[in-house]
Every structure is written in structure tokens, then in C-alpha cells.
Asker: 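Please find one structure pasted underneath; my questions will follow.
We count residues from 1, following the sequence as given. Atoms within each ligand, like the ligands themselves, are counted from 1 in listed order. Any value given below was found using the heavy atoms of this structure, including those in side chains, with hydrogens, waters and symmetry copies removed. The structure presented is a predicted model; accordingly, all values stated were derived computationally and were not measured.
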Amino acid sequence: MAISTRLALLGGTTSWADCGVGLRYLASFGTLTRGPAIAEYERAFARAIGVRFAYSFAAGRVGLYGLLGAFGVGSGDEVLLQAPTHIVVANAIRYAGASPVFVDCRLDSLTIDLEQAERRITPRSRVLLVQHTFGIPVEMDAVLDLARRHRLVVIEDCVHSLGARYAGRPLGSFGDAAFFSTEETKTISTTMGGMVVTDDARVAQRLAAFQAACAWPRASLTARYLLKLIVYHLLTQPRLHSYSRWLYERIGRRQPLPRPTSSQELQGLKPARYEQRMSNAQAALALRQLRRLKPNLRHRAAIAEIYARALAESGVRSPAVPPLGTPAFVRYPVWVRDRAAAVTAASPHTVLGTWFTSVLEEATSPQAGGYVSGSCPRAELAASHLVNLPTHLRVQPGHAQTIAASLAGFV
Ligand SMILES: Cc1ncc(COP(=O)(O)O)c(C=O)c1O
């Protein structure tokens, strides 16, 4: 099937009705930042994950930072985490005063190599942070066993994996705590946003105190987030996206809408006003999308299945999912020989994702996040060979076939 349209990597999780709700909040400034949707969203999120407590924040990274504080993790402590990850994850650990200890990933699942994690444990190790990369579940039985043997706190990075399961239970309910993101490229979008969940009442109490100490976002920032959600909903329409993407690539970092990561964060530095809450208007938009999560996940699973089958014809193996795992692909990862050529080949049909372009995505240099060059060779290799394909609600089965076919010569 020829695509007369170009798919965006993001978008496709919001609806015109969401945009209408966004506009209503923009028109009624009184409930833009504070209001009842926050508590309602937190209750619904906790229920969806099957835990007792959930606290919203301005971004997933802020939630992780709050969590480390809630577990008393700070100076002298080590946090084990996989590479590749995003620079803001390493930042949250370093801002808390602790040291990130990078563990290589497995090439088949792109999740943490637990054998190597065990070898990197020292008397200072306090936390094992497991990232369900691209929505592929980490084998949680093995994680919990390792953590029990070494008395480590388990934090799940569920930023890519909202709705994924292990042994039939939602990810985020296995560790001592977990954090999620509703940043614009994730399974549901509030432009920026984060959530932390836990079943531990003591941790919850400390998180509540951290949330209460966080600043409310300025009304002007919330308004810009809503405006961005609406503008992106429009500009990522497949029929418009060839033009809007062209414009976006020309304007680059000069574009006036708020960016997910500040230039200080890209350098590993802590920006001003980092500790912030999520606004009421964003919570209302998240809640609407959370209520549509099931069809969203069903769609992503169906599209991922098409990619898997079509790519299998070119000899590509699907990402390895543990026997008890049910993935929820925020994007579908594919290993290619020549990434630049693959991006060009797919470009008439879709913008191809390039997470991860570095062992610490977006960092000015991996060293800015405490990474030592050469310490995770598989992650370094992945950072030059991975592309990822959209799975969102605007991707139709015919699109998925065409995109997979365009990559056949590169995998
Ligand atoms: C694996 C992973 N963890 C955490 C984050 C941070 O989430 P947020 O942007 O909500 O702070 C990201 C950001 O993309 C990510 O890719």
C-alpha cells in the first residue's frame, strides 16, 4: 500500500475532544493549575496499576528524584541502572547526591543484563533501577530475587511501558516503587508529566511531603503545554505531517513551544524550578486518555504484531520478551545495519524514531551523566544501530506493512 501521507512518531494518542477540553481550560484560567482533576487522576492511575498510592509530578524525572529522597538515597549511595537510558534518569540520581552505576543491556531485549548487574553490586549499592525499555518487560522474578539477596530497593522505570504486564500483573506493581511519564512521545500524552506509584505506606507518606514541597507550575507554562498538545495534535496529522515536519526540522531548537529537556539538563546540570507538580488541566487530559488505555494498548499490540511478522520475512527476530511478559510497545525497536540509510528509506512513509542515539539519550556527552566510555559496549552498539517504529493510534495496518517493507534492505 502506498502511503500518500507521512506518519509522525508522536501524536495519535490525543483526540480532538481532548483538544476541546484543553481549550476550555485555557479559557477558564481559574482551574488551569490547581483543581480536583489531580487527585482524581492519581486515584485512577493507582487503580490502573493495582497499587494503593500514586503522586503526580511535572515529569517522570521529578518523580524519580522524589522517590530517591523518599528511600533516603543520597551521598555515597550507588544506583544500578541500564544503559542505554535517558540523560534525565542519570541526572535525577546525581541531583539526589548518589552515583549512577551503568550496567550493560541485553541485545535481545534491550533491558538490563541482570548477571552483569550482580557483578557491579558493591557495599554502597542501594537501588536497582529496572527500565522496561520500549515497553518490553524485564523478568521481574529474577529482579526481585536479585534485590532480595543483596537488600536492594527496586524502582521500575515504566516510562515506556504503561499497560505492559508480567505474570498478568501491571508493571509498576512489582518493585518497591515505579515511575511513569506522559511526556508527548509516550503511550498517553500531557506534553509533559510524570507519575510515581508505590504500595509502601511509609514511602507514600514521604512522597506526599515531597509533592507538597514542589512548586505549582506557572499558569503561563501550563498554558503553553496545552497549546503545544493542541498544535501537535493538528500538525502530526498524517496528511499535514510532511509539511509540518519539514518546517520543524528547519526551525529546530528555535521553535517557541516548550521543550521537554532544558539545555542545563542535557549537560547534566540541575535547572531552576526542577521540583514541580503537574497541573490540574494536564491531569484532566491524562485522565481522559487513561480511560481509553485499553483500546490504545490493543492497537499498539496489533501494529507491533504486523511489524514482527513482516520483518520476520526479512530474517529479523522480534525483541525477546520473557515467557511471563506481555509487552506494550510505545515504539517497536528494530536493529538496522545502517541507521542513516534506514531513516531515509522510511522517510516517505514515517519519521523513524532513533532512540537511542547515545547511551544517555540527548546528553551533550555521556560523560555529563557520569558514564565511562567503553563500560557498556552493547549499549554503545545499540546506540548506533537502533531505529524504532510508531505504534500509535494513527498507524493503520497498511502503514505498518509499508514501513516494514521499506526497511527490508537494511535490517
Ligand atoms: C527510559 C526513560 N526513562 C525516563 C525518562 C524521563 O521521563 P520524563 O521525560 O517524563 O522525565 C525518559 C524520557 O524520555 C526515558 O526515555
Asker: Which of the atoms in ligand 1, numbered in the order shown and given with their element, are less than 4.0 Å from a heavy-atom of H86?
Answerer: 12 (C), 13 (C), 14 (O), 15 (C), 16 (O)
Asker: Counting only heavy atoms not in R317, do more than 12 fall under 6.0 Å of its CZ?
Answerer: no
Asker: Would you mind running through ligand 1 and noting each atom that sits below 4.0 Å from a heavy atom of V88?
Answerer: 6 (C)
Asker: Tell me whether R245 contacts the main-chain N or O of R6 through its side chain, where contact means a donor paired with an acceptor under 3.5 Å.
Answerer: no
Asker: Mark yes when over 12 heavy atoms from residues, nucleotides or ligands other than Q367 sit less than 6.0 Å from its CD; otherwise mark no.
Answerer: yes
Asker: Under 3.5 Å, N or O to N or O, is D157 touching ligand 1 that way?
Answerer: yes
Asker: Any N or O of V89 that comes nearer than 3.5 Å to an N or O of ligand 1?
Answerer: no
Asker: Please determine which of T133, D113, D104 meets the side-chain hydrogen bond (donor to acceptor under 3.5 Å, both in side chains) test together with Q82.
Answerer: T133
Asker: Quick check on contacts: which atoms of ligand 1 are under 4.0 angstrom from a heavy atom of G60?
Answerer: 8 (P), 10 (O), 11 (O)
Asker: Would you indicate which of K186, Q131, E362, M195 comes nearest to atom 1 (C) of ligand 1 when only heavy atoms are counted?
Answerer: Q131
Asker: In terms of heavy-atom contacts, does CZ of R273 have more than 12 from other residues, nucleotides or ligands at under 6.0 Å?
Answerer: yes
Asker: Does a salt bridge link R106 with E115, judged by any charged N lying under 4.0 Å from a carboxylate O?
Answerer: no
Asker: Mark the output for G193 as yes if a heavy-atom distance to ligand 1 is under 4.0 Å, and as no if none is.
Answerer: yes
Asker: Pick one of side chain, backbone, both or neither for how R61 approaches ligand 1, counting any non-hydrogen atom pair under 4.0 Å.
Answerer: both
Asker: Please determine whether any non-hydrogen atom of E361 lies less than 4.0 Å from an atom of ligand 1.
Answerer: no
Asker: Would you say CZ of R250 has more than 12 non-hydrogen atoms from neighbouring residues, nucleotides or ligands within 6.0 angstrom?
Answerer: yes
Asker: Quick one: ring pair (Phe, Tyr, Trp, His ring centres under 6.0 Å) partners of F179, sequence neighbours excluded?
Answerer: none
Asker: Can you find an N or O of H160 that's nearer than 3.5 Å to an N or O of ligand 1?
Answerer: yes
Asker: Please determine if T85 has a nitrogen or oxygen closer than 3.5 Å to a nitrogen or oxygen of ligand 1.
Answerer: no
